[in-house]
Amino acid sequence: MSVVEQYARAHIVTDASVPLVDELEAIPVTLRYDPDRDPRSVRVALPGAGGGEWTFGRELLEEGLRAPVGSGEVRVWPCGRVQVVVEFHSAQGVSVVQFERQALLRFLRRTYMTVAEPVTH
């Protein structure tokens, strides 16, 4: 199956002791879906030394486009008509990432369009 990787611009606000980026600047965030690794999950890689990579359910991301969902480490909710917020909790603090809704929709569509590649002998 094909890996889907997409870059999206986002605003990040964090309470971590080491700021990830200038909170006023939109920065590139990597969205990744690897159906061979885990067909039910997506990964979000935040830039910077303290950013890290988060893996969570694709369904959580999809549901969060319409209504607040999640508990524990990852929460997702719509923010107005054009934005979506993903909140990440860790021992280092909380990072709130604000995405354009269309970028996440485009990414999710691409993940559902992945199909198994034909086996050749």
**Report entry** side-chain contact (heavy atoms from CB on, under 4.5 Å) between Val44 and Phe56, intermediate numbers included
**Finding:** CA-CA 9 Å; Val44 176; Phe56 57 96; 3.7 Å; yes
Requested in this report: Output, in order, the C-alpha distance, side-chain angles, deciding distance and verdict of side-chain hydrogen bond (donor to acceptor under 3.5 Å, both in side chains) for Ser41 and Arg58.
Outcome: CA-CA 5 Å; Ser41 295; Arg58 178 170 59 167; over 6 Å; no
Requested in this report: Report the C-alpha separation of Glu100 and Arg9 in whole Å, then their side-chain angles, then the decisive distance to 0.1 Å, and conclude whether the side-chain contact (heavy atoms from CB on, under 4.5 Å) test is met.
Outcome: CA-CA 8 Å; Glu100 293 294 324; Arg9 303 225 16 108; over 6 Å; no
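With a 4.5 Å cut-off on side-chain heavy atoms, Glu5 and Thr30 count as touching. In this structure, Arg101 and Gln83 have side chains that are not in contact, with every pair of non-hydrogen atoms separated by 4.5 Å or more. Side chains of Arg75 and His89 form a contact here, defined as non-hydrogen atoms less than 4.5 Å apart. Looking only at side-chain heavy atoms (C-beta outward), Phe88 and Leu46 come within less than 4.5 Å of each other. Side chains of Leu108 and Tyr33 form no contact here, defined as non-hydrogen atoms less than 4.5 Å apart. Side-chain contact between Trp77 and Val84 is absent, with no heavy atoms from C-beta onward closer than 4.5 Å.
Within the model, atoms CG of Leu65 and CZ of Phe99 stand 11.0 Å from one another, a figure rounded to the nearest 0.5 Å. If you take CG on Asp34 and OG1 on Thr111, they are separated by 12.0 Å, rounding to the nearest 0.5 Å. Rounding to the nearest 0.5 Å gives a distance of 15.0 Å between CZ of Arg40 and OG1 of Thr55. Arg110 CZ to Leu31 CG: the interatomic distance, rounded to the nearest 0.5 Å, is 9.5 Å.
What you find for Ala26 and His11 is that their closest heavy atoms are N-CE1, 3.6 Å. Ser90 and Trp54 get closest at one heavy-atom pair: CB-CH2, 3.7 Å. The two residues Ser2 and Pro35 come nearest to each other via the heavy atoms O-CD, 3.3 Å. Looking at every heavy atom in both residues, Ala8 comes nearest to Ala103 through CB-CB, 4.1 Å.
With sequence neighbours left out, Arg37 forms a salt bridge (charged side-chain N to carboxylate O under 4.0 Å, His left out) with no residue at all. Partners of Glu59 according to the salt bridge (charged side-chain N to carboxylate O under 4.0 Å, His left out) rule, which considers only residues two or more places apart in sequence or in another chain, do not exist here. Under the rule for a salt bridge (charged side-chain N to carboxylate O under 4.0 Å, His left out), Glu62 has no partner lying at least two apart in sequence or in another chain.
Counting non-hydrogen atoms of other residues, nucleotides and ligands closer than 6.0 Å to CD of Glu73 gives a total of 12 or fewer.
Taking hydrophobic clusters as Ile, Leu, Val, Met, Phe, Trp and Tyr residues chained together by side-chain heavy-atom distances below 4.5 Å, Val3 does not share a cluster with Tyr7.
Test Val97, Val74, Val94, Val76 against Glu87 for side-chain contact (heavy atoms from CB on, under 4.5 Å) and you get one pass: Val94.
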